[in-house]
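For reference, the structure discussed in these notes is given below.
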Amino acid sequence: MTQIFDNPADFADEALDGFVAANRGYVARVDGGVVRSTEVPAGQVALVVGGGSGHYPAFAGLVGPGLATGSACGNMFASPAAGQVYRVAKAANAGGGVLLSYGNYAGDVLHFGQAQLRLNAEGIETRTVLVTDDIASAPLDQIEKRRGIAGDLTVFKIAGAAAEAGLDLGAVERLAIRTNYRTRSLGVAFDGCTLPGADAPLFHVPAGQMSLGLGIHGEPGISEHPMPTASELAELLVSRLLADKPDDAGNRVVAIVNGLGTVKYDELFLLFGKIEKLLTAAGLTVVEPECGELVTSLDMSGLSLTLLWLDDELERYWAAPADTPAFRKGNLAPRARRELAGPEDAVAGEAENTTAAAAELGRLAAAVLAQVQGVVVEHEEELGNLDAIAGDGDHGIGMRRGVDAAAAAAAEAAAAGVSVERVLTSAGEAWSERAGGTSGALWGSAVIAAGLALGNKDSYRGGDAAAAVTAFVDAITGLGGAEPGDKTMVDALLPYQEAFRAAFDGGTQVKGALAAAAAAAREAADATASLRPLKGRARPLAEKSLGHPDPGAVSFGLIASRIARYAESGTADNPLTDSRLAASAAGNGAQE
């Protein structure tokens, strides 16, 4: 049981603050996580890792020379928000580009992916290598679907050593990809873990049983087995991993026995001895192994075995020195400290050259977001109930959290007299960080993309609106990877885009095109009731979902309809009808 805290809601932030206080020689606090407190050579690739809190030493404990340059730190077992990843990567960047690496979980993929888009758009070359080492989560022929567990360490260590050696971004990425492919892990649990403030573990394993194939976020295993002896457990783990070895495996392996929280070191050592004998008997040479707590899950009772099949190049970087709070190998020359502003000293973004007309349009954008907030608040319970049919029921509350934060950020930005671009960027960042999860990443990314497409202007033509629609759609389809028929928001989003373009290209002004697009989105959202979900958390309960529309598609349709009605309303307090904001240029759709 996790018992030491004041307020469970503050647990992750306060634990991170304390970690930094205890390790100032290694790390400095930045908004979103930590970066090295020592100097990083100019032009060196920055390895930025991260994930949810509760896994120490992963991820912040692996920041230091020879390993990671920074770590984005989310809430307990929750992905860091895109804005957090972005800010950590910006602080870590030394001019050689950024490699993002993290476990293959949906929330992490979306939020890190959104941050990568922003970094690349700003000219900071950024690439990603996902860790997919858990053999229990997908078969070998679907290795790209596997999740990351303790194999994080092998990928991070070799990528970090390659960056420290001065290799360029392409070479560091190549080595990380190869390491991930040659890494395999399998875990077991004897009981679940308890989140701070909870009165029960996330799951229980029946007495006398062991759960095989657990995840590190409190997910139970895929099957239960009678509790084995140490020798039987060693045989099970080794045999399963050897049966899954990579095609080009050699005979030299790194073996990592990882404790997940409450298994004592004596037990881990006992098990490692038996594992090492089995590997030797299989003709393998064990090279520089690790045995201890490396990727934990709060107080989970469990452990995992990881094997990395080495080649000469990977072995050189695995053996290279590293010096971090939680992982040390070899010797490195001392590094000078550098001064970094903490999150409380964060400097506001660059000043924006905004005219009075552009600032008034920023007010318009904030007013539209207030309308979006209104429709989400009105339908929050309905969306939650719909999501509970085949999901976890949090779509309504997640959308509410996100849009409340977005509307507040937009209002604050508009009051400061900034442009549409700055208002929507602030709103998107707030939506992403407050909502979390898939919808937060998608909506945050899309709102930011629309803002960037609209830019800082004194007036807009209809073509600008069409560009914003395209940017919004592209952000969601590119980041989420869903396709028509997967039963997601995309099933309403693409018909929206098609209807808007058809109406606009046919000579309809923007207001009319918005109305036509909203009608198409609502109809398409209703039609998702006949689909089986192929993406997201509802996928395992596909039959329960039949006959009910997708919550994400429904919420998008509701928002689209509210914006269209607002554009058509013509009320005195509707900024969309303010003649001062009308574009002066003639042409199709020139009216805002």
Side-chain angles (χ1 to χ4, degrees), residues 31-32 80-87 110-111 114-115 117-118 121-122 346 348-350 352 354 358-378 380 397-457 460 464-465 467-476 479-480 489 493 514 552 555-556 558-560 562-563 566-567 574-576 581 592:
D31 190 3
Q84 293 176 295
V85 179
Y86 167 81
R87 290 188 292 274
L110 289 170
H111 285 282
Q114 182 184 345
L117 291 173
R118 290 185 62 190
E122 292 184 12
E350 295 181 5
E352 184 184 47
T354 310
E360 189 72 0
L361 287 166
R363 182 177 68 83
L364 182 156
V368 172
L369 276 165
Q371 291 293 312
V372 175
Q373 180 185 28
V375 73
V376 170
V377 170
E378 180 183 344
E380 177 184 355
I397 193 171
M399 288 290 289
R400 172 70 183 272
R401 284 197 302 259
V403 77
D404 282 352
E412 182 178 357
V418 299
S419 68
V420 168
E421 178 179 355
R422 187 65 66 86
V423 167
L424 292 183
T425 298
S426 298
E429 290 176 347
W431 196 319
S432 172
E433 295 194 23
R434 186 67 183 93
T438 301
S439 69
L442 294 176
W443 274 95
S445 176
V447 171
I448 290 170
L452 295 174
L454 289 168
N456 177 359
K457 296 183 179 181
Y460 294 102
D464 293 314
V469 169
T470 298
F472 186 97
V473 173
D474 287 350
I476 288 176
L479 189 61
M489 178 169 59
L493 187 65
L514 288 172
S555 60
F556 174 75
L558 290 168
I559 290 169
R562 176 63 65 89
I563 292 174
Y566 188 55
N574 180 357
L576 285 169
L581 306 181
E592 294 169 75

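Looking at heavy atoms from C-beta onward, His111 lies out of side-chain contact with Pro80 at the 4.5 angstrom threshold. The closest side-chain heavy-atom distance from Ile448 to Gln114 is below 4.5 Å.
Shown here for Ala405 and Ala430, the closest heavy-atom pair between the two residues is O-CB, 3.5 Å. Scanning both residues, Ala406 and Trp431, for their nearest heavy atoms gives CB-CE3, 3.6 Å. Annotation for Ala453 and Ala467: closest pair CB-O, 4.0 Å, computed over non-hydrogen atoms. Closest approach of Ala435 and Gly402 over heavy atoms only: CB-CA, 3.6 Å. Shortest non-hydrogen contact noted between Ser426 and Ala409 is O-CB, 3.7 Å. Shown here for Tyr460 and Leu454, the closest heavy-atom pair between the two residues is CE2-O, 3.0 Å.
Residue Leu110 holds its CG atom at 9.5 Å from OG of Ser439, rounded to the nearest 0.5 Å. Separating the CZ atom in Arg118 from the OG1 atom in Thr425 is a distance of 7.0 Å, to the nearest 0.5 Å. Taking CD1 of Ile476 as the reference point, atom CG of Leu493 lies at 5.0 Å (rounded to 0.5 Å).
Residues forming a salt bridge (Lys or Arg N to Asp or Glu O under 4.0 Å) with Arg87 (at least two apart in sequence, or on another chain): Asp31, Glu433. Taking the salt bridge (Lys or Arg N to Asp or Glu O under 4.0 Å) definition, one finds that Arg562 meets it with Glu378, sequence neighbours left out. Applying the side-chain hydrogen bond (donor to acceptor under 3.5 Å, both in side chains) test to Glu421 and every residue at least two apart in sequence or in another chain returns nothing. Take Leu369 and apply the side-chain contact (heavy atoms from CB on, under 4.5 Å) test, not counting sequence neighbours, and it matches Ala410, Leu424, Ala427. When the side-chain contact (heavy atoms from CB on, under 4.5 Å) test is applied to Ser555, the partners found at least two apart in sequence or on another chain are Leu383, His395, Met399.
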Show your working on side-chain contact (heavy atoms from CB on, under 4.5 Å) between Leu364 and Val420 and close with a plain yes or no.
CA-CA 8 Å; Leu364 182 156; Val420 168; over 6 Å; no
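For the side chain to side chain contact (heavy atoms under 4.5 Å, CB included) criterion with Val372, the lone passing option out of Val447, Ile563, Leu558 is Ile563.
The list of side-chain hydrogen bond (donor to acceptor under 3.5 Å, both in side chains) pairs with a residue in residues 442-454, not counting sequence neighbours, is empty.
In this structure, the side chain of Ser432 does not engage the main chain of Gly428 through any donor-acceptor pair within 3.5 Å. The backbone N or O of Ser419 lies less than 3.5 Å from a partner atom in the side chain of Glu352, making a donor-acceptor pair.
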